[in-house]
Amino acid sequence: MSKDNRDNITKKDLSKIINSKYGIPALFAEKFIDNFISIINSSLIRNKILKIKGFGTFKLVQKKERRGRNPKNNDLYLIKKRNVVTFKSSNILKDKINKF
(Lines give C-alpha, C1' and ligand atoms only; values in the text may rest on other atoms or scores of the structure.)
Protein backbone atom coordinates (compact mmCIF):
# COMPACT_ATOMS: atom_id res chain seq x y z
CA MET A 1 0.00 0.00 0.00
CA SER A 2 0.97 3.66 -0.24
CA LYS A 3 3.50 4.93 2.25
CA ASP A 4 1.58 8.12 3.17
CA ASN A 5 -0.56 8.63 6.27
CA ARG A 6 -3.80 7.64 4.56
CA ASP A 7 -4.89 4.15 3.64
CA ASN A 8 -5.18 4.99 -0.05
CA ILE A 9 -4.42 2.33 -2.60
CA THR A 10 -2.72 3.21 -5.86
CA LYS A 11 -3.02 1.57 -9.26
CA LYS A 12 0.50 0.27 -8.74
CA ASP A 13 -0.57 -1.27 -5.42
CA LEU A 14 -3.53 -2.95 -7.13
CA SER A 15 -1.32 -4.32 -9.89
CA LYS A 16 1.08 -5.76 -7.31
CA ILE A 17 -1.81 -7.44 -5.48
CA ILE A 18 -3.15 -8.91 -8.74
CA ASN A 19 0.38 -10.03 -9.65
CA SER A 20 1.00 -11.78 -6.35
CA LYS A 21 -2.49 -13.30 -6.07
CA TYR A 22 -2.95 -14.53 -9.63
CA GLY A 23 0.55 -14.57 -11.12
CA ILE A 24 -0.44 -12.10 -13.84
CA PRO A 25 2.50 -9.95 -14.95
CA ALA A 26 2.44 -6.54 -13.22
CA LEU A 27 2.52 -4.66 -16.54
CA PHE A 28 -0.55 -6.58 -17.77
CA ALA A 29 -2.31 -5.97 -14.45
CA GLU A 30 -1.59 -2.22 -14.73
CA LYS A 31 -3.02 -2.16 -18.26
CA PHE A 32 -6.08 -4.07 -17.05
CA ILE A 33 -6.67 -1.55 -14.25
CA ASP A 34 -6.20 1.39 -16.65
CA ASN A 35 -8.71 -0.15 -19.08
CA PHE A 36 -11.18 -0.86 -16.27
CA ILE A 37 -11.04 2.77 -15.12
CA SER A 38 -11.39 3.92 -18.74
CA ILE A 39 -14.54 1.78 -19.11
CA ILE A 40 -16.00 3.36 -15.98
CA ASN A 41 -15.17 6.87 -17.23
CA SER A 42 -16.59 6.38 -20.72
CA SER A 43 -19.71 4.67 -19.37
CA LEU A 44 -20.36 7.59 -17.01
CA ILE A 45 -19.88 10.12 -19.80
CA ARG A 46 -22.15 8.18 -22.16
CA ASN A 47 -24.89 6.98 -19.78
CA LYS A 48 -24.45 9.21 -16.71
CA ILE A 49 -24.80 6.10 -14.51
CA LEU A 50 -22.89 2.85 -13.98
CA LYS A 51 -24.15 0.03 -11.77
CA ILE A 52 -21.80 -2.74 -10.70
CA LYS A 53 -23.84 -5.52 -9.12
CA GLY A 54 -22.71 -6.33 -5.60
CA PHE A 55 -20.55 -3.20 -5.42
CA GLY A 56 -22.54 -0.03 -6.04
CA THR A 57 -23.67 2.71 -8.40
CA PHE A 58 -21.60 5.53 -9.84
CA LYS A 59 -23.65 8.49 -11.04
CA LEU A 60 -22.63 11.61 -12.96
CA VAL A 61 -24.44 14.61 -11.48
CA GLN A 62 -24.30 18.20 -12.70
CA LYS A 63 -24.00 20.72 -9.88
CA LYS A 64 -25.60 24.09 -10.51
CA GLU A 65 -23.76 27.39 -10.46
CA ARG A 66 -23.78 28.90 -6.97
CA ARG A 67 -22.24 31.53 -4.78
CA GLY A 68 -19.45 30.51 -2.47
CA ARG A 69 -17.49 32.15 0.31
CA ASN A 70 -13.81 31.96 1.16
CA PRO A 71 -13.78 31.09 4.90
CA LYS A 72 -10.39 32.78 5.42
CA ASN A 73 -11.41 36.26 4.27
CA ASN A 74 -15.20 35.99 3.75
CA ASP A 75 -14.87 37.06 0.09
CA LEU A 76 -17.82 35.92 -2.03
CA TYR A 77 -17.21 34.33 -5.42
CA LEU A 78 -19.10 32.38 -8.06
CA ILE A 79 -18.66 28.61 -8.23
CA LYS A 80 -19.27 27.53 -11.83
CA LYS A 81 -21.54 24.63 -12.70
CA ARG A 82 -19.64 21.37 -12.94
CA ASN A 83 -20.03 17.62 -13.16
CA VAL A 84 -19.29 15.45 -10.14
CA VAL A 85 -19.35 11.69 -9.65
CA THR A 86 -21.31 10.27 -6.74
CA PHE A 87 -21.14 6.71 -5.45
CA LYS A 88 -23.77 4.75 -3.54
CA SER A 89 -22.71 1.36 -2.27
CA SER A 90 -24.90 -1.67 -2.81
CA ASN A 91 -26.63 -3.37 0.10
CA ILE A 92 -24.36 -6.39 -0.45
CA LEU A 93 -21.26 -4.21 0.05
CA LYS A 94 -22.84 -2.46 3.05
CA ASP A 95 -23.59 -5.83 4.64
CA LYS A 96 -20.02 -7.04 4.10
CA ILE A 97 -18.55 -3.86 5.58
CA ASN A 98 -20.86 -3.93 8.59
CA LYS A 99 -19.87 -7.50 9.53
CA PHE A 100 -16.59 -6.19 10.94
Side-chain angles (χ1 to χ4, degrees):
M1 298 258 177
S2 298
K3 304 264 190 285
D4 61 7
N5 292 336
R6 298 174 290 182
D7 289 329
N8 292 348
I9 189 166
T10 65
K11 288 192 281 185
K12 195 171 253 349
D13 294 334
L14 285 173
S15 66
K16 287 178 184 176
I17 292 167
I18 291 170
N19 172 264
S20 66
K21 212 169 198 179
Y22 301 106
I24 295 171
L27 186 61
F28 179 78
E30 280 184 51
K31 286 185 184 265
F32 173 82
I33 293 164
D34 286 338
N35 285 327
F36 181 72
I37 291 170
S38 178
I39 290 167
I40 291 172
N41 291 339
S42 61
S43 181
L44 281 171
I45 290 167
R46 189 174 52 254
N47 302 319
K48 306 221 182 313
I49 192 165
L50 173 67
K51 292 181 182 182
I52 301 175
K53 187 174 179 173
F55 185 66
T57 302
F58 294 92
K59 193 183 272 187
L60 188 64
V61 178
Q62 188 174 55
K63 293 239 178 173
K64 295 179 181 177
E65 191 174 81
R66 64 185 174 93
R67 289 175 44 177
R69 183 184 59 82
N70 184 333
K72 288 185 179 179
N73 56 22
N74 286 330
D75 286 347
L76 295 175
Y77 61 97
L78 188 65
I79 300 172
K80 296 179 181 178
K81 68 179 181 178
R82 66 199 185 283
N83 292 321
V84 296
V85 176
T86 62
F87 175 76
K88 183 176 183 215
S89 60
S90 72
N91 289 334
I92 295 169
L93 180 59
K94 286 178 190 176
D95 290 345
K96 285 182 182 180
I97 290 171
N98 287 315
K99 283 185 180 178
F100 295 107

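Counting from 1, the numbers follow the sequence of the chain as shown. All heavy atoms count here, side chains included; hydrogens, waters and symmetry mates do not.
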Just wondering, do [Y] and [X] contact through their side chains at under 4.5 Å, heavy atoms?
X	Y	value
Thr57	Leu50	no
Glu65	Ile79	no
Ile9	Ile17	yes
Ile40	Leu44	yes
Lys63	Arg82	yes
Ile52	Phe58	yes

Surrounding OH of Tyr22 (heavy atoms of other residues, nucleotides or ligands, distance under 6.0 Å), is the total greater than 12?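 Result for OH/Tyr22: open.
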Just checking Lys94: does its NZ atom have more than 12 heavy atoms from other residues, nucleotides or ligands closer to it than 6.0 angstrom? yes
If two hydrophobic side chains count as joined below 4.5 Å and joins carry through other members, does [X] share a cluster with [Y]?
X	Y	value
Phe28	Ile18	yes
Phe55	Ile33	no
Phe32	Ile39	no
Val84	Leu60	no

Closest heavy-atom pair and its distance - Ala26, Ser15: O-CB, 3.9 Å
salt_bridge(Lys11, Asp34) N-O dist < 4.0 Å: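 Salt bridge flag = yes for Asp34 with Lys11.
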When you look at Thr10 and Asp13, which way does the side-chain hydrogen bond (donor to acceptor under 3.5 Å, both in side chains) test go after all the steps? CA-CA 5 Å; Thr10 65; Asp13 294 334; 3.1 Å; yes
Pairwise distance CD1(Ile37) to OG(Ser42) - rounded to 0.5 angstrom: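 Going from CD1 on Ile37 over to OG on Ser42, the span is 12.0 Å.
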Between CD1 on residue Ile97 and NZ on residue Lys99, distance to nearest 0.5 Å: 12.0 Å
Decide side-chain contact (heavy atoms from CB on, under 4.5 Å) for Arg69 and Asp75; before the verdict, give the C-alpha distance in whole Å, the side-chain angles of both, and the deciding distance to 0.1 Å. CA-CA 6 Å; Arg69 183 184 59 82; Asp75 286 347; over 6 Å; no
Lys59 vs Lys48, side-chain contact (heavy atoms from CB on, under 4.5 Å): CA-CA, chis, key distance, verdict: CA-CA 6 Å; Lys59 193 183 272 187; Lys48 306 221 182 313; 6.0 Å; no
Between the side chain of Asn47 and the main-chain N/O of Ile49, is any donor-acceptor distance below 3.5 Å? no
Taking Asn19 for its side chain and Ile24 for its backbone only, find out whether a donor-acceptor pair lies under 3.5 Å. yes
